[in-house]
Protein chains: 2
Amino acid sequence: MISQKAKYALRALAALARADNKRPMLIAEIAEQQKIPKKFLEQILLDLKHRGLVMSKRGKEGGYLLLKPAEEITFGEILRMIDGPIAPLPCLSQTAYRKCDDCLSEQECEIRHVFARVAEATREVLFNATIADTLDGQNRAAVVLAG
Amino acid sequence: MISQKAKYALRALAALARADNKRPMLIAEIAEQQKIPKKFLEQILLDLKHRGLVMSKRGKEGGYLLLKPAEEITFGEILRMIDGPIAPLPCLSQTAYRKCDDCLSEQECEIRHVFARVAEATREVLFNATIADTLDGQNRAAVVLAG
DNA sequence: ACTAACTCTACCTACTAGATAGAGTTAATT
DNA sequence: AATTAACTCTATCTAGTAGGTAGAGTTAGT
């Protein structure tokens, strides 16, 4: 299961992608629209900002904006940011490889081969799905035209 | 990531599958061979016993035996037992479906479609991989002949 | 009776998820 | 320059879980 936090992050990005990208969107607006606890969402957006996915403006008329086109933000990269490695075993992670403490040899590990296939299949989906895929037909067309 | 416990369970089953199925295998043997903390493995095997995957014999000459052929024990069923649902979202679980608290409509959920594909891809691998796949060529041949 | 081995329940410690609280900072407006 | 809307940051809290340990109880072979 993915974390609640990752779910919120994806839905917040989806909300931003759907919004008019000329005017920033308030944390409060996103929170209400997506039923996300506001203070929790603050943290999430701040984090996404530090990682360069969104930008913010303070003060009156402030809010958040998407910094990259929705088609360039993959589910995989968001999940990896929030929940950590995609791989089901540490010894299969691309970004946080770690040898299993209890495993004598990776070549001989009884279960590694199977999970390698799981990892591959999962990545295939997650890195080919983007925030643009969350938009319905109408919105997606608008985004493509604008982009 | 799968839990350490699930990893241990799979490796313990692999050890049992590789063993001579005429003589029970001691918890201590499995623990040593697979570098699993013995007392923790006790719990895991007991759990697997209650679920009908292995049987045990107490007292002298006791130990554990596989109850089903290795080819009939899938990775998916073990993972589901130990770690719970395979699906990345509660609303996509086959065995423990639960509506997301914060999601208004499943039809319109921005992220559900993508994760449905993840779930499908993962299940495809996990329910087609069995404990028999953990055996190397030599052992697998022996098991097939014996079965 | 002895003892090897599984059985069961309880417990422990560290960590994480999922938040909430509140003081601080910035910038537009009046 | 005062006000206020809005983001920023750090601290804190609570419940739950992972991963493991302890130890008394039970069974069955010798």
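Convention: sequence-line order gives letters A, B, ...; per-chain numbering from 1.
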Picking from B/Leu126, B/Val125, B/Leu13, B/Ile86, what satisfies side chain to side chain contact (heavy atoms under 4.5 Å, CB included) with B/Phe75?
B/Leu126

Separation of C/dT20 atom P from A/Lys5 atom NZ, nearest Å, is 14 Å

May I have the distance from B/Lys49 (atom NZ) to C/dA5 (atom C1'), rounded to whole angstrom?
12 Å

Within this structure, what is the CZ-to-C1' distance between B/Phe40 and C/dA10, rounded to whole angstrom?
15 Å

Can you tell me if A/Arg112 uses its side chain to pair, donor with acceptor, with the backbone of A/Cys91 under 3.5 Å?
yes

Measure from NZ on B/Lys39 to C1' on C/dA5 and round the result to the nearest Å.
11 Å

Keeping the roles fixed (side chain from A/Asp47, backbone from A/Gln43), state whether a donor-acceptor pair exists under 3.5 Å.
no

When we call it a touch if two heavy atoms are under 4.0 Å apart, what does B/Leu45 touch: a base, just sugar-phosphate, or nothing?
nothing

Taking everything shown except A/Lys99 itself, do over 12 heavy atoms lie less than 6.0 Å from its NZ?
yes

Starting at CD of B/Gln43 and ending at C1' of C/dC12, how long is that distance when rounded to a whole Å?
12 Å

Answer yes or no: does atom CD of A/Glu61 have more than 12 heavy-atom neighbours from other residues, nucleotides or ligands under 6.0 Å?
no

Could you point out which residue of B/Arg11, B/Gln34, B/Lys35 forms a side chain to side chain donor-acceptor pair (under 3.5 Å) with A/Asp102?
B/Arg11

Contact boundaries on DNA chain D for chain A, cut-off under 4.0 Å to non-hydrogen atoms:
D/dA5 to D/dA11

Answer yes or no: does atom CD of A/Glu29 have more than 12 heavy-atom neighbours from other residues, nucleotides or ligands under 6.0 Å?
yes

Indicate yes or no for a side-chain donor-acceptor contact from A/Thr134 to the backbone of A/Ile131 under 3.5 Å, with no hydrogens or angles considered.
yes

Within residues 53-64 of chain A, those residues having any heavy atom closer than 4.0 Å to DNA chain C are A/Lys57, A/Arg58, A/Gly59, A/Lys60

Given atom CD of A/Glu42 and atom P of C/dT25, what is their separation to the nearest angstrom?
16 Å

Counting the atoms with a prime plus P, OP1 and OP2 as sugar-phosphate, which does A/Ile27 contact under 4.0 Å by heavy atoms, base, sugar-phosphate, or nothing?
sugar-phosphate

Tell me the interatomic distance from B/Asp102, atom CG, to C/dG18, atom P, rounded to whole angstroms.
11 Å

Return yes when atom CD of B/Glu106 has more than 12 non-hydrogen atoms of other residues, nucleotides or ligands closer than 6.0 Å, and no otherwise.
yes

Can you check the A/Asp47 CG to C/dG18 C1' distance for me, whole Å?
15 Å

